[in-house]
Amino acid sequence: MKKHTKDNQEVSGAEALILSLLDENVSTVFGYPGGAIMPVYDALYDYTGQLNHYLVRHEQGATHAAQGYSRVSGKPGVVFATSGPGATNLITGIADAQIDSTPIVCITGQVASHLLGTDAFQETDVVGISMPVTKWNIQVTKAEDIAPAIAKAFYIATSGRPGPVLVDITKDAQFGKTIYNYKKCESIRSYFPSAKVKEGDIKKAAAIINAATRPFILCGHGVLLSGAEKELLAVAEKGKIPVASTLLGLSAFPPDHFLYAGYLGMHGNYGPNLLTNSCDVLIAIGMRFDDRVTGNLEKYAKQAKVIHFEIDPSEVNKIVPTDVAIIGDAKESMQAILPLIEHKYHSAWIEKFKYCDAIEHDKVIKHAIQPNTKNILMSEVIHKLNKLTEGKAVVVTDVGQHQMVTSRYYKCKLPNHFVTSGGLGTMGFGLPAAIGAKVAMPTKQVIAVLGDGGFQMTIQELGTIMQSNIAVKILILNNNFLGMVRQWQQLFFDRRYSFTEMKNPDFITIAKGYGIQGKKVTERNALQNGLSEMLNSKESFLLEVVVENEENVFPMVTTGSSVSEIILE
């Protein structure tokens, strides 16, 4: 990136912000202008060659786009929004980033400092509102404080356990003058983002693992955030330890590896859920024992010794009692323990997972990928998509049944190529997050897999695709229902489908209105060609596939059940 030449010169606060972003090597911003941030946008006008701005159609779309950008690039996503409703529209995306440990830096304009607290036009206390869902936030009222605040924001967002930060800048601070000097933040008193891994804890963990006969690794998002995929693979291969992935940990371990046990969770694979309650040592790496993974805690892995590798000490012993906790970065922890892991081969234990795989294939998978149903199934669509892309595309999902189906049947072979909303489960996430992912990786095939419900929550972001010519591929699995809610209503509420059936618009005509090519598939014999046409398009493309409207996702761990009580049908 071309370096600016404004050091030691007097600039406006707004320009100081832009220069600070350039000094943090930011190249991309997602945003929406408004009155309270207008000075920043005016300053941005002179730097459009160095800082690419993508005009979203709703501020929530900006946060999700920044998340998608961050998740595939490893860099913090950056968002601009104005005060009042512009700032409050960011909150859902910020909360999503917080629970999924995604680094984004949100910069909001604010009314002039003398108007604070007066209920001025478009004034909201965004610092107070965002405090519960940010890693850190601050309000800046002086031009000279802008650059230090931005430096601190980037350091906090990206260090330790990553997360969202928010910098709220009053309008007079943007107009004010300051001598620009930028100093990157490298430490903050009383903030310790990552502990040094303790050798004693590593030795204790290694001894327990080496003595195990049925060890089991659960890998989460922290593996990807720390870049520890190779280290995890080395530990698993040396100890011949089966590895299962959380939803956000998908793509951290090769899906075709003989030690890969599958996907954990409510709609995960049969083996890893069932055998969690059979292992003698449970090794959790960069995961937080979410309720969708544990099921009934009273019956979760009570027979096992638990080793928890975790960067955030607050997550240790929060949900599952731990025998040994290794606090620190996952990559450093894996590097430290690898020499101490003994060469083993737990053949009988590994075979139990293979046996469970065979049962699941016979009862669920073979019927899902080669169905004899009249209507197309979501599972067969994703299975075909996986084959056509060889598992090497960046796949971004929305939230619902299609999300669970995609996580089951798309075998993502490359790290950070599977992006979804995990902890918050935000419908509307998929389309804007795919835009951000494509901006970050313009030469990669990026596919947004969406349900008809979630798509319509952020459908306006088709305008962002149109204006910036972003070649995202959009696959809508249309069952004319809010499918996941409908499944629960069928199974647990006597098929009382209360307000879950959807009358949908003509998605292809809407796409055409935004200048996006589209095609609708209703018959199985047209599915392969439809997917191929979408993938081969050089531009954005929307493929709507009409699927069975009462398809259910199995296996399933029902609410209140143990993971070993997982049902197959």
Side-chain angles (χ1 to χ4, degrees), residues 11-21 29-48 51 53-66 77-98 104-134 136-150 153 164-178 428 432 457-461 463-464 467:
V11 299
S12 69
E15 188 172 11
L17 168 63
I18 301 300
L19 296 174
S20 298
L21 295 177
V29 175
F30 303 93
Y32 202 96
I37 201 169
M38 205 175 296
V40 169
Y41 272 87
D42 184 65
L44 178 63
Y45 190 85
D46 293 326
Y47 290 89
T48 51
L51 201 56
H53 179 277
Y54 291 85
L55 178 64
V56 296
R57 296 307 188 261
H58 189 283
E59 291 88 354
Q60 182 181 340
T63 53
H64 293 326
V78 179
V79 174
F80 285 174
T82 193
S83 64
T88 59
N89 281 344
L90 301 179
I91 298 300
T92 296
I94 292 173
D96 194 289
Q98 173 81 333
I104 63 173
V105 177
C106 297
I107 297 159
T108 55
Q110 183 56 275
V111 300
S113 55
H114 72 279
L115 293 173
L116 291 172
T118 68
D119 293 330
F121 177 67
Q122 290 193 332
E123 180 199 0
T124 56
D125 178 12
V126 70
V127 172
I129 291 169
S130 65
M131 191 173 291
V133 293
T134 48
W136 178 76
N137 65 17
I138 191 172
Q139 186 172 83
V140 180
T141 59
K142 296 178 181 178
E144 60 264 32
D145 294 334
I146 290 175
I150 295 301
V165 298
L166 183 141
V167 180
D168 190 45
I169 308 174
T170 61
K171 202 167 183 180
D172 52 322
Q174 297 171 49
F175 276 124
K177 296 294 183 180
T178 184
M457 287 195 171
T458 48
I459 193 171
Q460 70 277 355
E461 297 309 327
T464 306
Q467 181 161 343

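FYI, side chains are in, hydrogens and waters are out, and symmetry mates aren't considered; it's all heavy atoms of this structure.
The two residues Pro164 and Val133 have their closest heavy-atom pair at CG-O, 3.5 Å. The minimum heavy-atom distance linking Trp136 with Ile138 is given by the pair CH2-CG2, 3.5 Å. In terms of heavy-atom proximity, Gln467 sits nearest to Arg57 at OE1-NH2, 2.8 Å. Annotation for Ser20 and Ala16: closest pair OG-O, 2.7 Å, computed over non-hydrogen atoms. Closest heavy-atom contact between Val78 and Ala66: N-CB, 4.1 Å. When all heavy atoms are compared, the tightest approach of Thr63 to Gly93 is OG1-CA, 3.2 Å.
Considering only heavy atoms from C-beta on, Pro33 comes within 4.5 Å of Leu55 through its side chain. A heavy-atom distance below 4.5 Å is not found between the side chains of Val56 and His64. The shortest distance between side-chain heavy atoms of Ile37 and Tyr32 does not fall below 4.5 Å. In this structure, the side chains of Thr134 and Val165 stay at 4.5 Å or more apart for every pair of heavy atoms. Proximity of Phe30 to Ile104: side-chain heavy atoms (C-beta onward) are nowhere separated by under 4.5 Å.
Of the inter-residue distances, the one linking Leu115 atom CG with Phe121 atom CZ reads 12.5 Å to the nearest 0.5 angstrom. Distance check: Leu44 CG to Phe80 CZ gives 6.0 Å after rounding to the nearest 0.5 Å. If you take OG1 on Thr108 and CD on Gln139, they are separated by 8.0 Å, rounding to the nearest 0.5 Å. Distance check, rounded to the nearest 0.5 Å: CG of Asp42 to CD of Glu15 gives 10.0 Å. With rounding to the nearest 0.5 angstrom, the CG atom of Leu17 is 4.5 Å from the CD1 atom of Ile169. Taken to the nearest 0.5 Å, the OG1 atom of Thr170 stands 11.0 Å off from the CD atom of Glu123.
Remark: of the listed residues Asp125, Val126, Thr124, Asn137, Val126 is the sole one forming a side chain to side chain contact (heavy atoms under 4.5 Å, CB included) with Asp168. When Ile150, Ile146, Leu166 are each tested for a side chain to side chain contact (heavy atoms under 4.5 Å, CB included) with Ile107, only one passes: Ile150.
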*Can you list the steps and then say if Tyr54 with Val29 is a side chain to side chain contact (heavy atoms under 4.5 Å, CB included)?*
CA-CA 6 Å; Tyr54 291 85; Val29 175; over 6 Å; no
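Annotation: side-chain hydrogen bond (donor to acceptor under 3.5 Å, both in side chains) contacts involving residues 77-97, sequence neighbours excluded, comprise Glu59-Asn89, Gln67-Asp96, Asp96-Ser421, Asp96-Thr426.
Under the 30°/60° scheme for interplanar angles, the aromatic rings of His53 and Tyr41 are found to stand perpendicular.
For Pro39, the side-chain contact (heavy atoms from CB on, under 4.5 Å) partners two or more places apart in sequence, or in a different chain, are Ala14, Lys171, Gln174, Phe175. Partners of Asp145 according to the side-chain contact (heavy atoms from CB on, under 4.5 Å) rule, which considers only residues two or more places apart in sequence or in another chain, are Val140, Lys142.
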